[in-house]
2 protein chains.
Amino acid sequence: MRNKIADLDVFLRDRGIKASFQRIKIYDYLQCSFTHPSVSMIYEDLHPQIPSLSRATVYNTLNLFLEKKLVQVVNTEGSEARFDLADPHHGHFTCESCGTIIDIPLDKAPALPEGLTGFEVFETQLHFRGKCPQCSSKN
Amino acid sequence: MRNKIADLDVFLRDRGIKASFQRIKIYDYLQCSFTHPSVSMIYEDLHPQIPSLSRATVYNTLNLFLEKKLVQVVNTEGSEARFDLADPHHGHFTCESCGTIIDIPLDKAPALPEGLTGFEVFETQLHFRGKCPQCSSKN
DNA sequence: GTATCTGCAAAACATTTGCAATTCT
DNA sequence: AGAATTGCAAATGTTTTGCAGATAC
């Protein structure tokens, strides 16, 4: 990686998104975090670095990314939406005890069953809920 | 079916839920509707029949059903949660154009990939997003 | 110079909670 | 009577919007 900022700039522009400083930082945050963050988590973490940042900008940016299919809403338990980069080759597991959201690698993206015709699929999501290994062994 | 109300009464009690009139009506509504309704849809439709019904009761009842794993949150697009009876043998398809949520029958419930150990899975959800056959053919 | 994006504050919604009244056993 | 459930109204929390100022092209 030569210059992360410049690369993200190109990446976003290629997808029809004007690459402002805030947008680059938010995309970069999603790429580097493994927590499937909520708007609040993103705002709280980025605000110290970018004191002028507002929550509205985080909301607007994520909505733009959603529209352009760069990100997905992963989980909505607990009333706050949680986000992740769009990628059909992994699913998610939400632990009901500790609330962690874990990436589940998939060999291949799940597909619609044979015989269903006429559907155009833009996005695929596989989600499990239960107890993660740590919480499961604690009982 | 002999007596739907009486049957639902037994069904709910078997699952540790005291079967009030409101709860039976809400469960029955979910069973009979194919729209994957939101709280508002349930409330608007049931309110004429049960004038005293309050939104809070619909929320409370759905939360109780969620806790007892009788229902699932299917979709959260547009900020309102949409509900369906829990059943791992079907997935969902949300049409981005018309907003309809369509049941997708599955031969078998999706499973965690081999090699992941220690997870307890209580709930599985497979979700597609795109254009349904009708909307797809209109462009 | 025009269009777009940001940040603030206010508005709009969705959901939860506290409490009194009601219902069920 | 005692326990649980309902309905209302108020509170909470999240997300969206309108608009003025700042930025980018």
Side-chain angles (χ1 to χ4, degrees), chain A residues 5-6 8-10 12-29 36-44 46-68 70-83 99, chain B residues 5-6 8-10 12-13 15-29 36-68 70-83 99:
Chain A
I5 298 291
L8 287 178
D9 188 291
V10 172
L12 291 176
R13 277 171 207 284
D14 281 354
R15 283 155 187 79
I17 295 173
K18 235 173 238 177
S20 72
F21 180 62
Q22 289 84 336
R23 289 173 180 177
I24 289 175
K25 285 304 245 177
I26 291 169
Y27 191 88
D28 179 40
Y29 183 89
H36 311 86
S38 65
V39 166
S40 297
M41 292 159 88
I42 298 172
Y43 174 78
E44 302 301 341
L46 252 33
H47 187 240
Q49 300 172 44
I50 315 170
S52 75
L53 184 68
S54 93
R55 273 196 168 75
T57 299
V58 182
Y59 277 104
N60 290 337
T61 301
L62 287 170
N63 282 339
L64 178 65
F65 288 170
L66 278 174
E67 208 178 281
K68 300 289 186 179
L70 263 52
V71 306
Q72 283 187 333
V73 173
V74 160
N75 189 288
T76 187
E77 201 109 334
S79 79
E80 256 193 325
R82 305 278 294 261
F83 299 85
Chain B
I5 298 291
L8 286 179
D9 188 292
V10 171
L12 292 176
R13 277 172 205 282
R15 282 154 186 79
I17 294 174
K18 234 174 239 176
S20 73
F21 180 63
Q22 289 86 336
R23 289 174 180 174
I24 289 175
K25 286 304 243 176
I26 291 170
Y27 191 87
D28 179 41
Y29 183 89
H36 311 85
S38 65
V39 166
S40 297
M41 294 159 89
I42 298 172
Y43 174 78
E44 303 301 343
D45 282 356
L46 251 32
H47 188 240
Q49 300 172 42
I50 314 170
S52 76
L53 184 67
S54 93
R55 274 197 166 76
T57 299
V58 182
Y59 277 105
N60 289 338
T61 301
L62 287 170
N63 282 339
L64 179 66
F65 288 170
L66 279 173
E67 206 177 283
K68 300 290 187 180
L70 264 53
V71 306
Q72 283 187 332
V73 174
V74 160
N75 189 289
T76 187
E77 202 109 332
S79 78
E80 254 193 328
R82 304 279 294 261
F83 298 85

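Note on naming: letters A, B, ... go to the chains in the order of the sequence lines (proteins, then strands), and numbering restarts at 1 for each one. Nothing here was measured: the structure is a model prediction, and the numbers come from that model.
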5'-most contact on DNA chain D (nearest-nucleotide basis), B/Tyr43 vs B/Ile17, goes to B/Ile17
Sequence neighbours excluded, the answer for side chain to side chain donor-acceptor pair (under 3.5 Å) partners of A/Asp9 is A/Arg13
To the nearest angstrom, the CZ-P distance between A/Arg23 and C/dT4 comes to 11 Å
Kindly indicate whether the side chain of A/Lys25, heavy atoms from C-beta on, has any atom under 4.5 Å from the side chain of A/Leu53. no
The ring pair (Phe, Tyr, Trp, His ring centres under 6.0 Å) partners of B/Tyr29 (sequence neighbours excluded) come to none
(Q) With a cut-off of less than 4.0 Å, is there a side-chain N or O of B/Arg55 near OP1 or OP2 of C/dT15? (A) no
Contacts of A/Arg15 meeting side chain to side chain donor-acceptor pair (under 3.5 Å) (sequence neighbours excluded), chain-then-number -> none
Within residues 60-68 of chain A, those residues having any heavy atom closer than 4.0 Å to DNA chain D are A/Asn60, A/Asn63
Sorted by chain and number, sequence neighbours left out, side chain to side chain donor-acceptor pair (under 3.5 Å) with A/Asn63 holds for none
So the salt bridge (Lys or Arg N to Asp or Glu O under 4.0 Å) pairs with at least one residue in residues 36-62 of chain B (sequence neighbours excluded) are B/Glu44-B/Arg55
Separation of C/dT15 atom P from B/Tyr59 atom OH, nearest Å, is 4 Å
Taking the side chain as everything from C-beta on, heavy atoms only, tell me whether B/Phe83 gets closer than 4.5 Å to B/Val74. no
B/Val71 and B/Leu66 have their tightest heavy-atom pair at O-CD2, 3.4 Å
Test side chain to side chain contact (heavy atoms under 4.5 Å, CB included), reference B/Leu70, set B/Glu67, B/Lys68, B/Gln72, output is B/Lys68
Could you tell me whether the side chain of B/Ile50 reaches within less than 4.5 Å of the side chain of B/Ser52, counting heavy atoms only? yes
Its 5'-most and 3'-most nucleotides having an atom under 4.0 Å from a non-hydrogen atom of chain A, DNA chain D is contacted over D/dT14 to D/dC25
Contacts of A/Ser79 meeting side chain to side chain donor-acceptor pair (under 3.5 Å) (sequence neighbours excluded), chain-then-number -> none
The residue, B/Ala56 or B/Lys18, whose nearest nucleotide of DNA chain D is more 5′ is B/Lys18
Residues at least two apart in sequence or cross-chain that pass ring pair (Phe, Tyr, Trp, His ring centres under 6.0 Å) with B/Tyr27, listed by chain then number, are B/Phe11, B/Phe65
Per-helix bend value, the helix from C/dG1-D/dC25 to C/dT25-D/dA1, C1' rotation axes over five pairs per end, 10° rounding, shows 30°
Give a yes/no answer on whether the side chain of A/Ser52 brings an N or O atom under 4.0 Å of OP1 or OP2 in C/dG7. yes
Those residues at least two apart in sequence (or on a different chain) that pass ring pair (Phe, Tyr, Trp, His ring centres under 6.0 Å) with B/Tyr43 are B/His47
_Below the 4.0 Å mark, does C/dT6 have OP1 or OP2 next to a side-chain nitrogen or oxygen of A/Ser20?_
yes
Reading nucleotides 19-25 of chain C from 5' to 3' and marking B where a protein heavy atom lies under 4.0 Å of the base, S where only the sugar-phosphate is that close, and - otherwise, the string is ------S
